[in-house]
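Shown next, in structure tokens, is the structure this report addresses.
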Amino acid sequence: MSTNSVTLRNLRSLSGMNFFIPDYQRGYRCSSFEAEQLMNDLKEFCKRRKEEGEFYCLQPIVVKKRTWLREENGKTSEVNGYEVIDGQQRLTTLYILMKCKEQKIKALYEDFQPFSIKYETRVEFDSQKFLENIDKPTEASSEFIDFYHMRSVYDSINDWFKKSYDGKSDYDRKIIDALLSQDIEETEGGSDIDKANNVRMIWYEVSDSENSSSNDIFTRLNIGKIPLTNAELIKALLLRRGNFIESEASLKQIQISTEWNQIEQRLQDDSFWYFLYNTSSEFRYENRIEFLFDLMKHRTKDSEYYYTFNEFNRRLEDLGRDPDLQNNQARIDKIWLEVKQTFQTLEEWYEDRTLYHLIGFLIEQGEDIKDLREQSLSRSKSDFIAYIKEKIREKMGEVNLRDLTYGEKTVKKVLLLFNILTTLKSSQSSSRFPFGRYKKEKWDIEHITSQTEINIHDDKKRKEWIKDMFVYFTGKEDISAVQNYLEKLINKIKKGPYESPTTAKERSEAKILKALLSLVCDPEPRVNVEEFEKTFRQVQSYFSEDEVRDKNNISNLALLDAQTNRGYKNSFFPVKREWIIRKDRQGIFVPIGTKNVFLKYYSPKSNNMLRWGNEDAENYLSAIEREIADYVEGDKNVGN
């Protein structure tokens, strides 16, 4: 088992270390602008008021132990140190920064020995010697691109110190202290805690047992710019072998790794994940368990990238002050228990049908899951449900349902709540609103019956609409098949009322099909717009689609998957109805309220399943009012 180690190290701990930059990395390319930005960040850190132990955190330095040869004065010697897999730009810039204040550092921190850096690729020039003498200009700094950048950064940092001097604040001293101060406290459990306000780096040491080569790890971190995630760092923090009693180390590592994987697999279940996760979140998760860690540590969009890892590390340090936790293993056990308890809370929400639906709605509306978790920990279940319902009322606010129209944000919120509550009250106690499918399939608001105005202004979409009509009337979209269908229909009509009684409906269908075919069989490549609009009105009249008074009112709106059907916004009620029935028959998700609308469940007196009229719209609106009445403020007499 790999035992990669991760810690937070102050720069003082790098005293006298040797670092080796292998040839698979690019050369030093830090710019003067980036160096000045670092200096400004350090200045701001020095200026602000800080709590004990608060630090400025650098991104990870990924290293692996290595031995290499060094030639000096004609002699070859073996050097023990670290190969830098990732972070060489940061490490070199820090070296140059401390070189700028070398004399002052020697006076203030006599015990600190500068670390050394050797670049493997620079055989014609000795990079280590150049860095050690960077304050002495040489021809190499202008002839060699890496040395040019190193010298440019050195000059820009020196200039920054000169510009920042205002005669009052000694930023030289403050920044040197931030770089090298430390205040180590030894706890009863044997761990060391640094209480100084200093600069620290995430030190990620790859073990010899790591299966991937250094080159492989470098490629992963740098091709596509994939940084180490908080989850990876936390895992390394918890699983480092030194945390455990030697005789139990492997067993404890296996236990935590197994439970870690079980949590990750559960979160990979989309039905569970999308119940918890708001797709509008600013965070995206490669490892979904990281969502759990962010939840525990209250990460926000303003937090630094490695905030969550730093908080876990801080928690580990704080536990070191607890006299009841005498060793690292006890502290790791406590932290891991906190992780599992947090996960179990989320699972309990998911398994409880009422909590699942109500919390799922709140999260989709942007409610902070961190606040919900805190409330659940401090309340009984009944009080928590009452709290959730009150939060839903706050989200809904004052709503006059009968005035809601297409385009208002509240419409989607109302229809989503209506569908969720309808599912919750379903007689099928096991049925659940599928948040995963709802979010991934991007269901949105569409008209139940098409709008009066023709919104098809694209020739391609006109042809798609015509094909939709072909499929509805004939079950075919191939033109020759439609022509054959029409020919048979006309022959049937010609036989007369005694041989084969025909209806006005069949005559209308034949007239419509003839008009549709003329549009696509025209020699012109584009559909004649004037004839298309004439045919559209003809079909609209056939379906009585102009009956509903206000087609933009919520009484004519439903949650529909607009991306599934071509030209869907302009399809008529019976066409949409067939599409809904077909999707439901195939087991494809259709929100229950939407399915009920197209099956005319809310229209008990309806005698025509292929028409959507004013009475249908009114019955549907009344059903919405009754279902969500407890969650909206408005006319208290609605729905009666």
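Quick caveat: nothing in here was measured; it's all calculated off a predicted structure. Basis for what follows: all heavy atoms, side chains included, without hydrogens, waters or symmetry-related copies.
Using a 4.0 Å cut-off between charged nitrogen and carboxylate oxygen, Lys381 and Asp352 count as a salt-bridge pair. Using a 4.0 Å cut-off between charged nitrogen and carboxylate oxygen, Glu205 and Arg240 do not count as a salt-bridge pair. Salt-bridge annotation for Glu311 and Lys297: absent, with no side-chain N of the basic residue lying under 4.0 Å from a carboxylate O of the acidic one. Under 4.0 Å is where a charged nitrogen must lie from a carboxylate oxygen, and between Glu54 and Arg48 at least one such pair does. Under the 4.0 Å criterion applied to side-chain N and carboxylate O atoms, Asp630 and Arg393 are not assigned as salt-bridge partners. Salt bridge status for Glu367 with Arg373: absent, with no side-chain N to carboxylate O gap under 4.0 Å. The existence of a salt bridge linking Glu464 and Lys461 is excluded, since no basic side-chain nitrogen approaches an acidic carboxylate oxygen closer than 4.0 Å. A salt bridge does not link Glu248 to Lys252: none of the charged side-chain nitrogens sits closer than 4.0 Å to a carboxylate oxygen. We find that Lys413 and Glu364 are not joined by a salt bridge, their nearest charged nitrogen and carboxylate oxygen being 4.0 Å or further apart. Ion pairing between a basic and an acidic side chain is recognised when a charged N comes within 4.0 Å of a carboxylate O; Glu264 and Arg288 show no such pairing. A salt bridge links Glu185 with Lys195: the closest approach of a Lys/Arg side-chain nitrogen to an acidic carboxylate oxygen falls below 4.0 angstrom. Lys235 has no carboxylate O lying under 4.0 Å from a charged side-chain N of Glu232, or vice versa, which leaves the two without a salt bridge. A salt bridge does not link Arg315 to Asp318: none of the charged nitrogens lies less than 4.0 Å from a carboxylate oxygen.
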Report task. Could you give me the CA-CA distance, side-chain angles and deciding distance for Trp349 and Phe384, then say whether side chain to side chain contact (heavy atoms under 4.5 Å, CB included) is met? Result -> CA-CA 11 Å; Trp349 292 356; Phe384 183 49; 3.6 Å; yes
Query - Evaluation steps, ring-ring contact (aromatic ring centres under 6.0 Å, His included), between Phe115 and Phe19 - result: CA-CA 7 Å; Phe115 52 84; Phe19 293 99; 5.7 Å; yes
Requested in this report: Applying side chain to side chain donor-acceptor pair (under 3.5 Å), run through Tyr204 and Thr7 and close with a yes or a no.
Outcome: CA-CA 7 Å; Tyr204 190 96; Thr7 55; over 6 Å; no
Report task. Decide yes or no on side chain to side chain donor-acceptor pair (under 3.5 Å) for Asn230 and Tyr307, but give the supporting numbers first. Result -> CA-CA 8 Å; Asn230 280 273; Tyr307 166 84; over 6 Å; no
Report task. Please lay out, stage by stage, how Leu237 and Phe309 fare under the test side chain to side chain contact (heavy atoms under 4.5 Å, CB included). Result -> CA-CA 9 Å; Leu237 180 70; Phe309 163 73; 4.1 Å; yes
Requested in this report: Evaluate ring-ring contact (aromatic ring centres under 6.0 Å, His included) for Trp273 paired with Phe291, printing each intermediate quantity in order.
Outcome: CA-CA 10 Å; Trp273 173 247; Phe291 167 83; 5.3 Å; yes
Requested in this report: List the steps, then state whether side chain to side chain contact (heavy atoms under 4.5 Å, CB included) holds for Thr308 with Leu233.
Outcome: CA-CA 10 Å; Thr308 301; Leu233 294 171; over 6 Å; no
Report task. Check step by step if side chain to side chain donor-acceptor pair (under 3.5 Å) holds for Trp336 and Gln255. Result -> CA-CA 11 Å; Trp336 186 241; Gln255 175 203 331; over 6 Å; no
Query - Test log, rule side chain to side chain donor-acceptor pair (under 3.5 Å), inputs Ser271 and Asp269 - result: CA-CA 6 Å; Ser271 64; Asp269 178 356; 2.9 Å; yes
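Taking 4.5 Å as the limit, some side-chain heavy atom of Val199 sits within range of a side-chain heavy atom of Leu42. Using a 4.5 Å heavy-atom threshold, the side chains of Val632 and Leu417 count as separate. Using a 4.5 Å heavy-atom threshold, the side chains of Asn198 and Tyr56 count as separate. Looking at Asp444 and Leu559, their side chains never come closer than 4.5 Å, going by heavy atoms from C-beta outward. Between Ile117 and Val84 the shortest side-chain heavy-atom distance does not fall below 4.5 Å. Residues Tyr356 and Glu351 fail the side-chain proximity criterion, which asks for heavy atoms closer than 4.5 Å. Put simply, the side chain of Phe312 reaches to within 4.5 Å of the side chain of Val339, judged on heavy atoms. Inter-residue side-chain proximity for Ile445 and Ile554 is flagged as unmet; no heavy-atom pair is nearer than 4.5 Å.
In this structure, Tyr350 and Phe275 have tilted ring planes: the angle between them lies in the 30° to 60° band. The aromatic rings of Tyr406 and His447 sit tilted, their planes meeting at an angle between 30° and 60°. Between Phe293 and Trp260, the angle of the ring planes lies from 30° to 60°, which puts this pair in the tilted group.
In this structure, the side chain of Arg585 does not engage the main chain of Ile580 through any donor-acceptor pair within 3.5 Å. No donor-acceptor pair under 3.5 Å is formed between the side chain of Asn243 and the backbone N or O of Gln329. Looking at Asn278, its side chain does come within 3.5 Å of a backbone N or O of Ile363 through a donor-acceptor pair. With Tyr620 contributing its side chain and Leu557 its backbone, the two residues share a donor-acceptor pair below 3.5 Å. No side-chain donor-acceptor contact under 3.5 Å links Arg200 to the backbone of Phe55. Asn287 contributes no side-chain N or O that, together with a main-chain N or O of Ala231, makes up a donor-acceptor pair within less than 3.5 Å. Looking only at distances, a side-chain donor or acceptor of Arg353 sits under 3.5 Å from a matching main-chain atom of Ser431. Between the side chain of Glu627 and the main chain of Phe418, no donor-acceptor pair closer than 3.5 Å is present. With Arg9 contributing its side chain and Met201 its backbone, the two residues share no donor-acceptor pair below 3.5 Å. At distances below 3.5 Å, not a single donor-acceptor pair connects side-chain atoms of Ser281 with backbone N or O atoms of Tyr277.
For the residue pair Glu34/Ser31, the side-chain donor-acceptor check at 3.5 Å is satisfied. No hydrogens or angles considered: a donor-acceptor pair under 3.5 Å links the side chains of Thr93 and Tyr28. No side-chain N or O of Gln182 forms a donor-acceptor pair with one of Asp194 less than 3.5 Å apart. Looking at Tyr119 and Thr92, their side chains do bring a donor and an acceptor atom within 3.5 Å of each other.
Heavy-atom contacts from other residues, nucleotides or ligands closer than 6.0 Å to NZ of Lys595 number 12 or fewer. Other residues, nucleotides and ligands contribute over 12 non-hydrogen atoms within 6.0 Å of the NZ atom of Lys439. Counting non-hydrogen atoms of other residues, nucleotides and ligands closer than 6.0 Å to OH of Tyr601 gives a total of 12 or fewer. With a 6.0 Å radius and a threshold of 12 heavy atoms from other residues, nucleotides or ligands, Glu282 has its CD atom above the threshold. More than 12 heavy atoms of other shown residues, nucleotides or ligands fall within 6.0 angstrom of atom NZ in Lys370.
If you take CD1 on Ile592 and CG on Leu599, they are separated by 10.5 Å, rounding to the nearest 0.5 Å. Note that the CD1 atom of Ile61 and the CG atom of Asp86 stand 7.5 Å from one another [nearest 0.5 Å].
A ring-centre distance under 6.0 Å is found for Phe433 and Phe435. For an aromatic pair to be called close, the ring centres must be under 6.0 Å apart, and Trp443 with Tyr438 fails this.
Taking the ring axis of Tyr82 as reference, the NZ or CZ atom of Arg66 does not stay both within 45° of it and closer than 6.0 Å to the ring centre.
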